[in-house]
Amino acid sequence: MSSLSEQLAGKREERRDDEGRCTEEGESASSFIEFVTADDRVHGFAYSQLMNYRLEKIPDSEHKSDAPQDRLQLFFSTHDVTLTGWRLREFLRLLREGRVAAVRTGDPRYANLRKNPPFVVSITVEAVGKK
């Protein structure tokens, strides 16, 4: 049995490891993907509902060094989900493999804490036909 101080140190290390991480990968192929927006709402969609997606560079990011570089639009049968952030091409690889279990936004100051993982600063979820 570990001491309380060891348990607290472990929890701090877990939190530190999560800083700069916006995606949660499943152990195996997931059947659902969750999007956690800045207001802490959780939107879940079945992978089978994903019809197509589009990844594009955000033109304004060429002029602002700290602005998100990528925009990824995911088109589900009932909703459109838009992610903005950095390194979203890596997110697409995980998505195609069915390994993304959840996506949440992160504070932009942590965007470069980790060099490889995708980093998401905003998530918008809109019902189809509401635009």
Side-chain angles (χ1 to χ4, degrees):
M1 183 175 216
S2 63
S3 71
L4 180 58
S5 62
E6 290 171 341
Q7 290 174 2
L8 291 173
K11 289 287 186 190
R12 279 193 300 273
E13 189 61 35
E14 284 176 22
R15 263 188 256 128
R16 189 175 306 123
D17 191 45
D18 284 344
E19 286 177 352
R21 188 177 307 237
C22 293
T23 57
E24 180 183 319
E25 295 181 40
E27 298 283 323
S28 60
S30 299
S31 57
F32 275 81
I33 182 171
E34 290 183 347
F35 298 94
V36 183
T37 55
D39 61 1
D40 210 29
R41 290 185 183 182
V42 179
H43 305 266
F45 299 97
Y47 265 97
S48 62
Q49 299 272 325
L50 181 61
M51 297 185 306
N52 62 351
Y53 56 82
R54 177 176 47 222
L55 174 66
E56 60 189 359
K57 291 289 182 194
I58 299 174
D60 290 342
S61 68
E62 296 171 3
H63 306 290
K64 301 175 188 173
S65 62
D66 59 345
Q69 297 175 341
D70 300 325
R71 177 184 305 122
L72 176 61
Q73 294 174 292
L74 303 167
F75 304 101
F76 292 90
S77 58
T78 59
H79 289 77
D80 295 338
V81 178
T82 303
L83 310 176
T84 57
W86 292 269
R87 302 175 298 276
L88 297 184
R89 189 170 301 276
E90 175 63 17
F91 175 83
L92 281 180
R93 184 184 65 76
L94 296 170
L95 184 74
R96 284 191 308 268
E97 294 171 0
R99 292 184 20 213
V100 179
V103 183
R104 63 184 32 85
T105 59
D107 189 320
R109 68 182 171 181
Y110 296 120
N112 291 314
L113 186 61
R114 300 172 189 273
K115 295 297 179 189
N116 294 331
F119 195 87
V120 178
V121 292
S122 75
I123 300 172
T124 57
V125 179
E126 293 183 346
V128 172
K130 294 275 184 176
K131 291 183 177 181

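In what follows, every heavy atom counts, from backbone to side chain, and hydrogens, waters and symmetry copies are set aside.
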Solution key, residues 33-42 side-chain donor-acceptor pairs under 3.5 Å, sequence neighbours excluded:
{"residue": "T37", "atom": "OG1", "partner": "D39", "partner atom": "OD1", "Å": "2.4"}
{"residue": "T37", "atom": "OG1", "partner": "R41", "partner atom": "O", "Å": "3.4"}
{"residue": "D39", "atom": "OD1", "partner": "R41", "partner atom": "N", "Å": "3.2"}
{"residue": "D39", "atom": "OD2", "partner": "R41", "partner atom": "NE", "Å": "3.4"}

Of all heavy-atom pairs between [X] and [Y], which one has the smallest distance, and what is that distance?
X: H79; Y: V125; result: CD2-CG1, 3.9 Å
X: I123; Y: V103; result: CD1-O, 3.8 Å
X: P118; Y: L88; result: CB-CD2, 4.2 Å

* Structure fact -> Sorted by chain and number, sequence neighbours left out, side chain to side chain donor-acceptor pair (under 3.5 Å) with R54 holds for Q73
* Structure fact -> Residue set satisfying side chain to side chain donor-acceptor pair (under 3.5 Å) with S77, at least two apart, ordered chain then number -> Q49
* Structure fact -> Contacts of R93 meeting salt bridge (Lys or Arg N to Asp or Glu O under 4.0 Å) (sequence neighbours excluded), chain-then-number -> E90, E97
* Asked: Are V120 and L55 grouped together when hydrophobic residues (ILVMFWY) are joined by side-chain heavy atoms under 4.5 angstrom apart?
  -> yes
* Asked: Going only through I, L, V, M, F, W and Y residues with side-chain contacts under 4.5 Å, is there a path from L83 to Y47?
  -> yes
Is any side-chain heavy atom of [Y] closer than 4.5 Å to one of [X]?
X: L95; Y: L74; answer: yes
X: T124; Y: T84; answer: no
X: P68; Y: W86; answer: yes
X: F91; Y: D70; answer: no
X: Q69; Y: I58; answer: no

* **D80 side chain vs F75 backbone, donor-acceptor pair below 3.5 Å** => no
* Between CE on residue M51 and OG1 on residue T78, distance to nearest 0.5 Å -> 8.5 Å
* Check ring-ring contact (aromatic ring centres under 6.0 Å, His included) between F76 and all other residues, then give those that pass, not counting sequence neighbours. => F45
